[in-house]
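These notes are about the structure you will find just below.
Proteins come first, then strands; the chains are lettered A, B, ... in the order of their sequence lines, and each starts at number 1.
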Amino acid sequence: MGFHILFLIMLVPIIGALLLLFVPANNSKAPRLIAATAASVALVLSLVAFFNYNTQTGGMQFVEGYSWVPSYGINFTLGVDGLSMPLVLLTSIIIFSGVFVTWKLENRAKEFFFYMLVIASGVFGVFMSGNLLLLFLFMEMAVIPKFILINIWGSKNKEYAAMKYTLYLLAGSSLALVGIMAIYAYAGSVSGVYTLDIAKLAAIKYDASFQKFGFFILMLGLGVMVPMFPFHRWTPDGHSAAPTAISMMLAGVIMKLGGYALIRVGINFFPEGAVFWGPVIALLATINAVYVAFVAMAQKDLKFVVANSSVSHMGYVLFGIASFNAASISGAAAQMFAHGIMAALFFALVGLIYEKSHTRIISDFGGLAHQMPRVAAAFMLTTLASLGLPGMFNFIAEFSVFIGSIQVYPVLAVISIFAIVITAIYVLRVMQQVFFGPRNAKWDHLEDAKGVEMIPIVLLGGILIVLGILPGSIINMISSGIVPIAQKFISLSIGGLF
Amino acid sequence: MAENALLITLLPLLSFIVIGFITKKAKMVSAMVALASIGASAILSIIVFIKTLGDKTPKEFSIEWLNIPSLGSLKGLHIEMGILIDPLSSLMLVIVTFVATLVVLYSLGYMKGDESFSRYFAYLSLFTFSMLILVVANNYFQMFVGWELVGLCSYLLIGFWFHKPSAGDASKKAFITNRWADFGFMTGIILLFVKFGTFNFGELAKLISGSHGAAFLTLIAALILVGPVGKSAQFPLHVWLPDAMEGPTPVSALMHAATMVAAGVYLIARGFILFESVPAVLAAMAYIGGFTAIFAASIALVQDDIKKILAFSTLSQLGYMVMAMGVGNITAGMFHLTTHAFFKALLFLGAGSVIHAVHSQNIFEMGDIKSKMPITTWTFVIGALALAGIFPLAGFWSKDEILSAALSSGHVGLYVIGILVAFMTAFYMFRLIFVTFFGKKRSNHHAHESGWVMTLPLIILAILAIFVGLTNSPWFYNTFGQSFGTFIFFEEAEVPHVNMAVAGLSTIVALGGIFTAWLIYIKKAVNTEALAKKYNGVYNLLYNKFYIDNFYLWAFDNVMMAVGKIFDLIDHKVIDGVFDGFARLLGITGKKARVTNTGNLQGYALVMFAAVVIIVIVMSTPLLGGVLK
């Protein structure tokens, strides 16, 4: 491709953010228009890249690189493969939806959109980065502005949540940084060339004990971001205190950074170390999926249910990664995409209801389907995606995780499949308690979603259904990125059920 | 012909989309769209069915849907979507589309004036589509997809009147109960794929026959069997079906006859090679079916809600079908599925007609309906006679087939159960009929006959309930050279064998049941209230469905929810406690450490001096011949 499409995708939000700085404080319309424009351009460019990505050839495409700190092997290299391309698209979809969810924000809209766009660039950068340190820097860029966003625009216990979120993620990323430095030093001493280029680092053969150490550090550091049990507690508080668009970004993309880096760096660099720690991750992932699903069942606050359900679903991502085969890791990557869309839609709907009703307590509601039929229908759709109904992309993702993981950890896999039952219980319970039942006059003033509010709902819901019916091409793209990584595990002869 | 099958499947989907997005506001247009598309499907299905009977081999085509490559010894994921047309699937196509068409027609009258009229027909279309996806599937995966979508549609339709809390509860119960079953079913097909590398029925049939009796096959078959136990409402996952009557009555007719519950039995027939290769699972199936048959029939004896009686009767009849499959006779099971589809649809639609007129579901609030609603009454009686298995109506042939299959397979216990169930069935059905349609008017109802859109389906179904059983009679064989077996297998027709002893006994028993009901409810030979009072314990046990629903509810509240609450507590107290405590520790350490940074220069100097002194002493100890040698 002749023009630097990835660089542009990443730069567009930054440009938008910079433009926002010049908007006078009393101008209420300009910020959202600038944000919407930036988000739309990024979305269109991502779509262009997505449809131009050649799955047949696979590998890193749209590659571009600029020398930055060559003496330390730090270069500004960008590129996407079958794993990251869908995630880039996911990011632009979430940002785009997030802007429209925040359309009516009046409190310091300019600053809000500024930070949101900065995060967007950071997330794009993580998924595109071909350099380990660059990846780390972008990750920080995506994580830190959240502290401010939650603190200023959040609700309910926001100071505690913002602090908790920040401490957890900083602890995680500092561990990851230790891991990155160790990789840099070790790889340099082994190969003689000090570099942070991911492709080069991935090609190096690390010895078994270093692999175990390196993977362990990354597993902990990145596990916090996923989040992996028992480091998951920042999620419910963080999600629920955050404003809607930020919850959407948190659950939609920020939670995917850890999983992405775990595939891109963790198991890609250290297959033997990964196999050593695999059973531990699988066990923790099973706890994620089942234990947190039970926790979700006991929640009284709508947003806490959704937040816990996110943790539970991310358990499948971890489980897929820890099973080290093409089906399971592709499933995990697909689940990142599917869950990203679904969680964003969930939070968008919950936000919509909260904005109008000023409560999130499930038992306050009842019969909302009478006043908000569109929201109810969209919520139903999301519910079905969440419980993994065929016809939704989430089902395909989970199913391939199950196919892959049952071959490696049969018992744990069956236990984690059981989470589909618990998920059905809690999501349908919410559906019933919030939307069904006799008309409640108390909520007669609630208006159904309309106009701009429908944009994210239709977009996100549509994607879940379309990909649920025709998953072939995106799964091909994902598996074209996963197969080279999964191939490293063939010689390690893991699993094999029958 | 496969193109026809594709069209048959997609027409109802088209109808769903058109109603959902275009004609939602125009109620009558929506209904007509549904009627036209499902009706067209029904006509095409009959064409496909007749053509298939003339064929010798199945027609199959499929497209690749998803492919993740296998690496090393670990399987990837390869999924196809396809269509398989053989006698079994084309027979099901006819049953599903035909009953659905009649239900749609009937609903025009039944749902008149409902504010969500269009939504109703959209759901019905989607329901039919989902069932067809399942029926034409050539592989387990697609079947599972249809299976789940059928479950979704039943959820939507049971909860159609979502303003009623009971409807919300019932729909949730249906979905979640089925979810337990799906858990087994899905795990089963995942293992099946991991073992054999394909979901395709034909390929699996070849592969499975090579590994008869292996332990893993037992596990897989048992897991897959959990699916039908849920969907076809067998004990212990039967609890959702009786509650499912919270939906509009025509939906019950569709669900109890052609879609949803039929799916489980159909799955067993479709994957029979798998079950057949594991005798233990087959035997378990037979006894689950037999137990469900008698268990549900006993509950039906004392219920007073017209739809509940019919619902338990469905459970019981499904038990018959599963039992037939379990003793190794798919023909008998599918035959009963077919006849049952027609007379049970008839009975539910008849019940709907009554409910529509009386606005009550309690049979003891009805009485003397027959003079006001003659068509409904007499078609209902035909349906009941067919269900009771009275010669020459449909149920007679199919039930007889099942009973002889049980007897000839050597399961005498199951045969005895079957006979008992036959008696109970005849009794509870005619108890219902005598109380509802005959006798004195027991409430101030103003029953009137329903309009033609409602009575026409009743008449058509009644005719079928009389004649459809003849397809497996010696007479039919002699005239057309076909028997029911040729409707589900590609094979030469066999002479239907009527075991006169079995047929004779079951007819006597059924007549006995009807006679007993007549004695009690028309002649009043026995005071039922006194009887219920005398055997209070048994009566309550039956009336409350053996308290199984109560037990599940208790277990849900006290086990599942309790676990949730405990885990939530662990999250908040233990995990947060540790991490918040750690954060607090850091904070406190910081605060304490800060005390030393006083900004007092003399203080700093003092510390520095002390440090220098200590360092000097430590460094000089070796020179002094001290401890650090």
Heavy-atom pairs under 4.5 Å with chain B are the metric here; pick the option from [options] that has the most.
| options | answer |
| --- | --- |
| Ala171(A), Ser330(A), Pro471(A), Ala486(A) | Pro471(A) |
| Gly437(A), Ala296(A), Ala327(A) | Gly437(A) |
| Leu470(A), Leu167(A), Val483(A) | Val483(A) |
| Ile403(A), Ile422(A), Ile475(A), Asn325(A) | Ile403(A) |

Taking side chain as C-beta onward, heavy atoms only, is [X] less than 4.5 Å from [Y]?
| X | Y | result |
| --- | --- | --- |
| Phe579(B) | Tyr168(A) | yes |
| Ile417(A) | Ile190(B) | yes |
| Pro165(B) | Phe436(A) | no |
| Leu77(B) | Phe399(A) | yes |
| Val292(A) | Phe567(B) | no |
| Leu428(A) | Tyr155(B) | yes |
| Asp571(B) | His232(A) | yes |
| Arg439(A) | His163(B) | no |

Residue pair Phe231(A), Ile575(B): steps toward the side chain to side chain contact (heavy atoms under 4.5 Å, CB included) verdict: CA-CA 8 Å; Phe231(A) 310 119; Ile575(B) 298 176; over 6 Å; no

Under 4.5 Å from any heavy atom of chain A - which part of [X]:
| X | result |
| --- | --- |
| Phe193(B) | side chain |
| Met81(B) | neither |
| Ile566(B) | neither |

Among [options], residue most engaged with chain A (heavy-atom pairs, under 4.5 Å):
| options | result |
| --- | --- |
| Thr187(B), Asn67(B), Asp580(B) | Asp580(B) |
| Trp161(B), Trp147(B), Trp180(B) | Trp180(B) |
| Asp182(B), Leu149(B), Ile79(B), Asp169(B) | Asp169(B) |

Residue pair Phe162(B), Phe435(A): steps toward the ring pair (Phe, Tyr, Trp, His ring centres under 6.0 Å) verdict: CA-CA 8 Å; Phe162(B) 61 83; Phe435(A) 292 100; 9.5 Å; no

Side chain to side chain contact (heavy atoms under 4.5 Å, CB included) assessment of Ile490(A) paired with Leu74(B): CA-CA 8 Å; Ile490(A) 296 178; Leu74(B) 297 185; over 6 Å; no

Of the backbone (N, CA, C, O) and the side chain (C-beta and beyond), which part of [X] lies under 4.5 Å from a heavy atom of chain B, both, or neither?
| X | result |
| --- | --- |
| Leu384(A) | side chain |
| Gln433(A) | neither |
| Ile287(A) | neither |
| Tyr426(A) | neither |
| Leu387(A) | both |
| Met380(A) | side chain |

Rounded distance [0.5 Å steps], CD1 in Ile176(B) versus OG1 in Thr423(A):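 Answer for the CD1-OG1 pair, Ile176(B) versus Thr423(A), is 10.5 Å.
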
From CD (Gln407(A)) to OG (Ser70(B)), nearest 0.5 Å: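 Rounded to the nearest 0.5 Å, the CD-OG separation comes out at 8.0 Å.
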
[X] to [Y] - nearest heavy-atom pair and separation:
| X | Y | answer |
| --- | --- | --- |
| Met186(B) | Ile420(A) | CE-CD1, 4.2 Å |
| Ile469(A) | Trp65(B) | O-NE1, 2.8 Å |
| Ala326(A) | Pro69(B) | CB-O, 3.6 Å |
| Ala298(A) | Asp568(B) | CB-CB, 4.1 Å |

How about [X]: does its [atom1] atom have over 12 heavy atoms from other parts shown lying under 6.0 Å from it?
| X | atom1 | answer |
| --- | --- | --- |
| Tyr160(A) | OH | yes |
| Met561(B) | CE | yes |
| Lys24(B) | NZ | no |

Listed partners of Asp576(B) passing salt bridge (charged side-chain N to carboxylate O under 4.0 Å, His left out), at least two apart: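 Partners of Asp576(B) by the salt bridge (charged side-chain N to carboxylate O under 4.0 Å, His left out) criterion, ordered by chain and then number, come out as Lys164(A), Arg233(A).
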
Pairwise side-chain hydrogen bond (donor to acceptor under 3.5 Å, both in side chains) hits with a residue in residues 394-404 of chain A, at least two apart: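 For residues 394-404 of chain A: none.
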
Donor-acceptor under 3.5 Å (Gln432(A) side chain, Lys172(B) main chain):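 No: the side chain of Gln432(A) does not pair with the backbone of Lys172(B).
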
Steps toward side chain to side chain contact (heavy atoms under 4.5 Å, CB included) verdict (Val414(A), Phe183(B)): CA-CA 9 Å; Val414(A) 172; Phe183(B) 169 54; 4.0 Å; yes

